[in-house]
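So the structure is just underneath, and the comments pick up after that.
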Protein chains: 2
Amino acid sequence: MSADAEPAPVSAKPPVTLREVAAVAGVSVATASKALNGQGRMTAETRERIRETARLLGFRPNSLAQSLLRKRSFTVGLLTNDTYGRFSLPLMAGVSDALVDKGVSVFLCNVEDDTRLGQLHVEAMLDKRVDGIIATGKRIDRHLPVDLSNLRVPVVYAFTQPDPGAVGLVSDDAGGARLAVEHFCRLGRRRIAHVSGPASFAVVHARAQAHRDVLEETGLPASEPLLGAWSEAWGHEAVARLFGKAGREGWPDAVFCGNDQIARGVIDALRERGIDVPRDVGVIGFDNWEIVAEATRPPLTSVDMNLAALGREAGLALLSLVGGQPAAPGIRKLPCRLVVRQSCGSPPE
Amino acid sequence: MSADAEPAPVSAKPPVTLREVAAVAGVSVATASKALNGQGRMTAETRERIRETARLLGFRPNSLAQSLLRKRSFTVGLLTNDTYGRFSLPLMAGVSDALVDKGVSVFLCNVEDDTRLGQLHVEAMLDKRVDGIIATGKRIDRHLPVDLSNLRVPVVYAFTQPDPGAVGLVSDDAGGARLAVEHFCRLGRRRIAHVSGPASFAVVHARAQAHRDVLEETGLPASEPLLGAWSEAWGHEAVARLFGKAGREGWPDAVFCGNDQIARGVIDALRERGIDVPRDVGVIGFDNWEIVAEATRPPLTSVDMNLAALGREAGLALLSLVGGQPAAPGIRKLPCRLVVRQSCGSPPE
DNA sequence: GCGGTAAGGGAAAACCTTTTCCCAGCTAAG
DNA sequence: CTTAGCTGGGAAAAGGTTTTCCCTTACCGC
């Protein structure tokens with residue numbers, strides 16, 4: 001029983017190889033390979049016999065060996081600096097979703113804001129012969145802290161600032177803002193305020209401009225956006241500014257907020273002042289961060305950036321680049337959608 | 001100029017191989033390999049010359065070829081069903097952090113709650129010859145929807161229910177609860193209530209038991225936990241129950257909440273009733289979800305599960321298993337820590 | 001019966017690196 | 001001078017698969 005005495009490592013036997021399949025089936029490895037890949041010529045019986053043998057033995061081809069030869073690893077790298085963020089998660093899920101059933105796996109690399117770490121990850125990915133790289137971040141007007149411009153593999157940028165001449169996918173913030181403001185217009189709101197984040201964010205200006213545009217197109221009174229922080233506290237303060245002055249006449253009857261946290265602050269502050277949402281004032285947020293939007297009282301209508309779809313598109317775009325299809329460089333904007341809940345006056349059907 | 005006319009694929013030349021380095025340095029590939037890996041015997045000059053050549057040419061060894069030979073791919077798979085969750089992110093960051101400087105990359109696989117998808121991912125990972133797998137989820141008392149019990153590679157479970165006989169790492173919820181309740185005791189709070197999530201969660205019972213234990217040890221009056229949902233709304237309702245009865249004497253002077261959202265609801269509800277936090281009632285949450293804890297007024301003291309550390313430990317544990325070290329099977333509980341802010345009465349500092 | 005052709009299958013190179021031997025040359029001891 | 005031992009370096013196999021040729025056999029028409 002000496003065989004039994006062997007200290008089984010972690011677990012049993014090595015994987016079954018094509019050579020073994022061929023031996024059992026009584027053919028050469030070449031024939032076995034061709035049988036399993038549907039290549040070459042042989043009788044249907046031979047092919048079927050080999051296939052059956054492989055199935056019986058539980059043969060699975062060694063991806064490493066395949067990749068070495070084919071020069072395709074069926075692996076891509078996903079680079080992000082949004083460690084804890086809620087933007088990268090849906091995006092990653094979308095990427096993974098688009099790739100999994102093409103047999104492509106995703107290396108997740110978190111580079112924080114550390115150039116050295118980024119370099120390290122990129123080199124590791126290239127060493128492992130990824131077929132391509134998706135770069136993603138936490139805001140669309142900033143570069144990742146790592147240079148991806150002259151790599152041997154294609155790169156797609158999603159929700160982060162692309163290099164010039166590269167393929168980039170971002171959400172259409174202006175379009176999203178239009179959705180919100182136009183929704184208010186349709187509901188008959190006349191004085192639509194805009195409370196947003198810091199002026200250093202490009203999206204703040206894009207959304208503010210869309211807000212202005214819609215007001216003008218609709219013939220509503222212009223209103224300057226209030227810029228502050230991406231926080232509940234700023235929502236409170238903005239309400240103090242907007243609704244501080246006496247005389248309801250000057251008050252807005254709708255507030256479009258730059259994110260859901262601001263919106264949450266706005267709604268809480270309005271309630272504290274006895275102003276009813278949505279009767280007196282409608283509120284719409286941005287990001288559709290469900291856990292916030294649904295906990296808000298009343299539940300918050302919000303603009304969703306469709307990040308999972310963005311991720312899917314990024315995955316598909318990368319795949320076609322890897323396949324050799326030239327993709328049109330430049331930034332492609334994907335539409336947002338409005339998720340209507342109860343904070344804007346329209347009953348959710 | 002026919003060479004110029006060639007449609008450059010995506011980008012230039014193939015990577016430089018060891019063979020080329022050897023040719024340029026005027027040695028055999030065997031010697032080149034040994035020079036770069038510090039193996040074999042040769043004059044210092046030869047070794048240095050080869051190294052320099054490799055550096056000059058920008059040689060990077062092909063991981064695929066190395067892995068094929070060494071039977072180590074320096075990749076691991078990370079399986080999760082917590083797509084949008086805030087638990088898996090810090091955990092993943094920890095895992096990645098622990099592995100990156102050992103040259104190990106991480107395949108991120110999101111399996112939702114779909115057995116078929118899980119199977120697909122696991123097979124893809126095994127085909128790609130991952131060295132091991134880390135399984136993680138959104139709660140520690142549920143299995144992933146996929147069987148990892150008889151794989152050819154080691155598996156470590158982190159923040160999810162492990163298979164019997166496997167290595168599992170979870171947060172010490174009871175310990176975390178003790179931290180919170182004992183902190184209240186030290187601050188002189190006498191009537192410490194507990195508002196938690198649904199009874200179907202194991203952690204709810206573990207934390208409730210710890211709460212009871214500390215009260216008993218300290219000689220404080222017992223109090224039954226209030227079980228509900230993981231939501232702000234439940235926090236509001238719990239306050240209505242706890243503080244509804246007339247006569248302040250029966251009111252708690254501290255509430256330990258099962259998560260930060262409940263705590264947020266509790267604090268908001270208390271404020272609406274004119275009960276001051278932390279003067280009249282101290283509140284402590286669980287999870288230390290910073291974006292919520294810091295937006296709460298006052299900022300919320302909360303128990304942090306140290307998920308990044310958990311992830312790091314999981315990564316290291318897996319690595320040692322891969323290295324052949326037998327790890328003690330069973331569940332290891334990692335300590336939580338209390339992050340003190342202003343909601344419990346102790347000034348931060 | 002012969003030439004031609006197509007079908008069925010195999011040998012071997014290729015992918016890139018690591019590692020085990022082995023060899024040639026030299027030195028030092030006997 | 002012989003032998004042992006060491007030094008510096010190379011040849012070749014190994015790892016698992018794919019793919020390009022090539023060879024054999026059988027069949028067909030004449």
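- Phosphate proximity of C:dG9 to A:Thr31: absent, as no side-chain N or O sits under 4.0 Å from OP1 or OP2.
- Ring pair A:Phe87/A:Phe159 is tilted by interplanar angle, where 30° to 60° counts as tilted.
- Taking atom CZ of A:Phe74 as the reference point, atom P of D:dT17 lies 15 Å away to the nearest angstrom.
- Side-chain atoms of B:Thr43 lie closest to D:dG9 of the nucleotides D:dG9, C:dT18, D:dT17.
- A donor-acceptor contact under 3.5 angstrom links the side chains of A:Lys128 and B:Ser105, judged on distance only.
- Atom CD1 of A:Ile50 and atom P of C:dG9 are 8 Å apart (whole Å).
- Distance from the side chain of B:Ala30 is smallest to C:dT19 among D:dG9, C:dC16, C:dT19.
- Distance CZ (A:Arg47) to P (C:dG9): 10 Å, rounded to an integer number of Å.
- Between the C1' atom of D:dA14 and the CG atom of A:Leu69 lies a distance of 16 Å, rounded to the nearest Å.
- The phosphate of C:dC16 has OP1 or OP2 within less than 4.0 Å of a side-chain N or O from A:Lys71.
- A salt bridge between A:Arg55 and A:Glu52 is present, with a side-chain N of the basic residue lying under 4.0 Å from a carboxylate O of the acidic one.
- In this structure, the nucleotide among D:dG16, D:dT18, C:dT18 sitting nearest to the side chain of A:Arg70 is D:dT18.
- Nearest to the side-chain atoms of A:Asn37 among the listed nucleotides C:dT19, C:dC15, D:dT18 stands D:dT18.
- Cation-pi geometry between A:Arg72 and A:Phe74 is met: the NZ or CZ atom falls under 6.0 Å from the ring centre, inside 45° of the normal.
- Protein atom CG of B:Leu18 is 20 Å distant from nucleotide atom P of D:dG15, rounded to whole Å.
- Rounded to whole Å, atom P of C:dG10 lies 17 Å from atom CD of A:Gln39.
- The interatomic distance linking A:Arg41 (CZ) with D:dT24 (C1') rounds to 13 Å, in whole Å.
- Nearest to the side chain of B:Asn62, among D:dG16, D:dG9, C:dC16, sits C:dC16.
- Where B:Lys34 and A:Thr17 each meet DNA chain D at their nearest nucleotide, the meeting point lying more 5' is that of B:Lys34.
- Along DNA chain D, the nucleotide nearest to B:Ser28 and the one nearest to B:Gln66 differ in position, and the one closer to the 5' end is contacted by B:Ser28.
- Side-chain contact of A:Thr80 with A:Asp82: a donor-acceptor pair under 3.5 Å is absent, judged by distance alone.
- Closest to the side chain of B:Ala65, out of C:dT19, D:dG16, C:dC16, is C:dC16.
- Scanning both residues, B:Leu108 and B:Met92, for their nearest heavy atoms gives CD1-SD, 3.3 Å.
- In this model, the phosphate group of D:dT17 is not approached by any side-chain N or O of A:Ser67 to a distance below 4.0 Å at OP1 or OP2.
- Closest contact between the side chain of B:Ser33 and the listed nucleotides D:dG9, C:dA11, C:dT18 involves C:dT18.
- One atom, CZ of B:Arg19, and another, C1' of C:dA13, lie 11 Å apart when rounded to the nearest Å.
- Residue A:Pro61 places its side chain closer to D:dT17 than to any other of D:dG9, C:dA11, D:dT17.
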